[in-house]
Amino acid sequence: MSYQCPLCHQPLHHQQQQWRCQNNHQFDQAKEGYVNLMPVHHKSSKNPGDNKEMMQARRQFLEAGHYQLMRENTVKLLAAHLPENSQKILDIGCG
Ligand SMILES: [Zn+2]
């Protein structure tokens, strides 16, 4: 899988917790592993999205197992409908 720079549409290359294109646009990878590719000038605040407390609250909620049944059924559906050699799924803006 490859990522494309949302600013200049060149490929993004991963290095040291950052994704960077040949035009030096860079996007930091969060310690949780995700990367936000929304350009800074499209963000409505200096710190858009969820803050640290919101991320921790979400993690705590998810780890409590409230979505376990839905998760198990989603995995079953994916296994039933994805091609056999599929190994990765891209989750974009699904909340
Ligand atoms: Zn770029």
Side-chain angles (χ1 to χ4, degrees):
M1 174 180 289
S2 62
Y3 292 112
Q4 185 182 63
C5 177
L7 300 173
C8 67
H9 306 289
Q10 295 300 309
L12 289 172
H13 303 284
H14 190 230
Q15 50 184 284
Q16 299 176 345
Q17 306 303 316
Q18 289 184 333
W19 290 87
R20 186 184 303 250
C21 72
Q22 67 183 22
N23 294 317
N24 218 24
H25 299 124
Q26 67 182 46
F27 304 87
D28 293 338
Q29 180 176 314
K31 65 181 178 184
E32 292 83 4
Y34 69 87
V35 59
N36 185 342
L37 297 177
M38 182 182 292
V40 173
H41 63 279
H42 288 187
K43 298 176 180 175
S44 58
S45 73
K46 191 172 184 178
N47 189 16
D50 297 342
N51 62 29
K52 183 178 178 181
E53 290 76 23
M54 294 166 75
M55 293 292 292
Q56 289 172 341
R58 178 182 297 147
R59 179 175 294 133
Q60 196 173 31
F61 177 83
L62 293 173
E63 288 177 352
H66 299 296
Y67 285 149
Q68 188 65 28
L69 182 60
M70 185 173 78
R71 179 181 176 200
E72 290 170 3
N73 284 314
T74 300
V75 169
K76 285 179 189 173
L77 287 169
L78 290 172
H81 296 285
L82 287 177
E84 285 185 30
N85 59 355
S86 295
Q87 296 179 359
K88 295 182 179 179
I89 297 174
L90 178 61
D91 176 356
I92 301 176
C94 297

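Every heavy atom of this structure was used, including side-chain atoms; hydrogens, water molecules and symmetry mates were not. Quick caveat, the model's predicted, so the values are computed rather than measured. Counting convention: from 1, in listed order, for ligands and their atoms alike.
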| query | Can you tell me how far the CD atom of E72 sits from the CG atom of L77, to the nearest 0.5 Å? | reply | 12.0 Å
| Nearest 0.5 Å, what's the CG-CZ distance between N24 and R20? | 4.5 Å
| message | Does V35 form a side chain to side chain contact (heavy atoms under 4.5 Å, CB included) with L12? I'd like the steps, not just the answer. | response | CA-CA 12 Å; V35 59; L12 289 172; over 6 Å; no
| Are Q17 and Q29 side-chain neighbours, meaning at least one heavy-atom pair lies under 4.5 Å? | yes
| query | Under 2.8 Å from the Zn ion (ligand 1), which protein N/O/S atoms are there? | reply | C5 SG, C8 SG, C21 SG, H25 ND1
| task | Go through the steps for C5 and W19 under the test side chain to side chain contact (heavy atoms under 4.5 Å, CB included), then give the verdict. | result | CA-CA 9 Å; C5 177; W19 290 87; over 6 Å; no
| Residue pair Q60, Q56: steps toward the side chain to side chain donor-acceptor pair (under 3.5 Å) verdict | CA-CA 6 Å; Q60 196 173 31; Q56 289 172 341; over 6 Å; no
